[in-house]
2 protein chains.
Amino acid sequence: MRFDLFDLQLFVAIAEAGNLTQASNKLHIVPSASSARIKQLEDSFGVRLFHRASTGLSLTPAGQAMLFHARRILLRANRMRDELSEFSRGLQGVVRIFSISIGATVYLPKALSSFLTKHAQVSVEIEEHISDDIIRAVREYRADIGIIGGKFAVDELQIFPYANERLVVLASVDHPICARPDISFEEALDLDFIGLNPHNTLNLFLIRQANQVGKTFRTRALVRGPYEASAMVVGNAGITIVEESVARQCALTMPLRAIPLSDPWALREMQICVRNLGELPPFARDLVAMLRADGTSLTPASAGAAAPSPISNAPSGID
Amino acid sequence: MRFDLFDLQLFVAIAEAGNLTQASNKLHIVPSASSARIKQLEDSFGVRLFHRASTGLSLTPAGQAMLFHARRILLRANRMRDELSEFSRGLQGVVRIFSISIGATVYLPKALSSFLTKHAQVSVEIEEHISDDIIRAVREYRADIGIIGGKFAVDELQIFPYANERLVVLASVDHPICARPDISFEEALDLDFIGLNPHNTLNLFLIRQANQVGKTFRTRALVRGPYEASAMVVGNAGITIVEESVARQCALTMPLRAIPLSDPWALREMQICVRNLGELPPFARDLVAMLRADGTSLTPASAGAAAPSPISNAPSGID
DNA sequence: GCAGTTTACGAAACGCGTAAGAATG
DNA sequence: CATTCTTACGCGTTTCGTAAACTGC
């Protein structure tokens, strides 16, 4: 277990060329040296990796298995080298964020634009996942910061409240329910729905809520995301339920109105989670701080159960 | 880019201990040697990885970034070592299969039991994914064999037909529709449904089919898998749609009946895909051959459009 | 005999440990 | 002055390249 990355490169090259000499030339080494390296690799694992023939080398099954892993190791090593070379060119940090859909598409883009200008030499990676996966990733060091939706029991992680997002019904401006100040989820279920990609935390949550009141979604169509759904909502094919900020975004370009859901649980509490704030580099801590400030300012402590007051549905139209 | 795995181990150990001396002791090396290795690592990347202090070492942001990748490389390398050590103890091959749900839970277990007895020294890894991911994995060498559901346009891969699975409605034995020889999907949509985990290929497919006839699922509950659904079907909470072989399995232990769907598309054509049969080791080719033989024998060329005849719903009950 | 792999061998390079130096609190 | 990291240096091992032997088509 003390082999080189160059051993792996050589191994892969030989496996792909089926030929020790060509692989050796490609890597600017003499065949005898390659031969020795491979032999040593085989000895260290106690397994033959290639079948030898005077016509060339071919993989044994053990070699096939090794090839699989070796390729992945090399890919990762290259990414590492590339990232580090960015540092040598001035990059000062990388922050890896895993977020639920609304965070990755609505909140983070805004929040990050100010962060990135403040920290010009820090780069940010965002991946969209469901809450469960996010928690796992943060725990396992695969993500620095997680944005999750709803209250989760998360031991060993540090949790901070982020934005509170009120869920709203998104409807065409000429839909009857636009006359109302709010609507209960149960009432809304009597209307036709445009469904969103089922593989996200919000949708799984809503389906469970529907079960609890003993009703079901009358899904008229199933589309990828909120923007696709909006297009169908405009045509009055149905309504959909999204977070308020998503609704606002969609209403900017389409004649839509958002009607708040009156149920208590319709105020979804998004949370920021990190393994340990103290472990994070300063710029990442700063990002967490900025997110927290940003999140709470966006939803000013209206955290009381079902307060529909701060939600205006007037400015949601296209007018 | 010619560093050791030991370099990475050392790097991670120092990062975790925050202390070069302790890390060096742990790895049975003298601190001066560690110091030299780290320095060389830093030179090769042109980046400082640690902040030096007389109290110990702490990671720079570049070091943090490297730690992230280094951990993953080491995990992979350990898996590789473990797998190769299996080879040195007699293992003769590994086959990695990615399959859709029904393949992984119904078909492969049966097929593999005979394969594994025939090839006592070959091990098989199965992962469950949706068809799109499976195709990508096979293409990118992450899987040797893929089992996908439905006809896909897959360039560059070799495709073989596998089993044809008729979709059936699963209902409690005392449900009215049990009197019928078959039922159309459109009719079935008028009944209450128990929904399955939405993140699988079959479900996405069914939801789209429902859209096409302009109806929607009246989902009364949403559960993880077919066995959980069966329990609710028995209580007459609703019906569900599954592949016939899944239905058969569930009916073994519960008073259920399977009523075939009469729609032409209800005969789902599962397919085996590989990158290139010639590239695979003999035992993997043999597995593909066994799967193909198995699959076609299970669904004897009833591939004509909507032939409900070969499907008996008599033996599906518990009686 | 040609294309390919492996063995033999001397020289250069590398990495280890010992020992001593330097910095910090 | 104790802890910790770094530099200097001698020694053994590794790894390289050259050259020659070996193997199947």
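Lettering of chains follows the sequences in order, A, B, ..., and the numbering in each one begins at 1.
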Practice task
Step by step, work out the salt bridge (charged side-chain N to carboxylate O under 4.0 Å, His left out) result for B/Arg142 and B/Glu125.
Solution key: CA-CA 11 Å; B/Arg142 302 201 317 273; B/Glu125 280 185 24; over 6 Å; no

Exercise for the section: For B/Ala53, report the nucleic acid contact type (base, sugar-phosphate, nothing); a contact means any heavy atom under 4.0 Å. Expected result: sugar-phosphate

Practice task
Indicate whether OP1 or OP2 belonging to C/dT5 is found under 4.0 Å from a side-chain N or O atom of A/Asn19.
Solution key: yes

Practice task
Go through A/Arg79 and A/Asp82 one step at a time and tell me if the salt bridge (charged side-chain N to carboxylate O under 4.0 Å, His left out) criterion holds.
Solution key: CA-CA 5 Å; A/Arg79 275 190 58 186; A/Asp82 293 345; over 6 Å; no

Handout entry: Rounded distance in Å - CG (B/Leu57) to C1' (D/dT3)
Key = 13 Å

Practice task
Whole angstrom is fine here: how far is it from CD1 in B/Ile38 over to P in D/dT7?
Solution key: 13 Å

Practice task
Look at the rings of A/Phe50 and A/Phe11 and say which category their plane angle falls in: under 30° parallel, 30 to 60° tilted, over 60° perpendicular.
Solution key: tilted

Completion exercise
Between A/Ala36 and A/Thr55, whichever has its closest DNA chain D nucleotide further toward 5' is A/Ala36

Practice task
Would you indicate what B/Gln22 reaches in the nucleic acid, counting non-hydrogen atoms under 4.0 angstrom: base, sugar-phosphate, or nothing?
Solution key: nothing

Completion exercise
Per atom distances to the B/Ser32 side chain, the nearest of D/dT15, D/dT6, D/dA19 is D/dT6

Fill in the blank from the handout: So OG1 of B/Thr60 and CD of B/Glu42: to nearest 0.5 Å the spacing works out to 7.5 Å

Practice task
To the nearest Å, give me how far apart CD1 (B/Ile14) and P (D/dC5) are.
Solution key: 8 Å

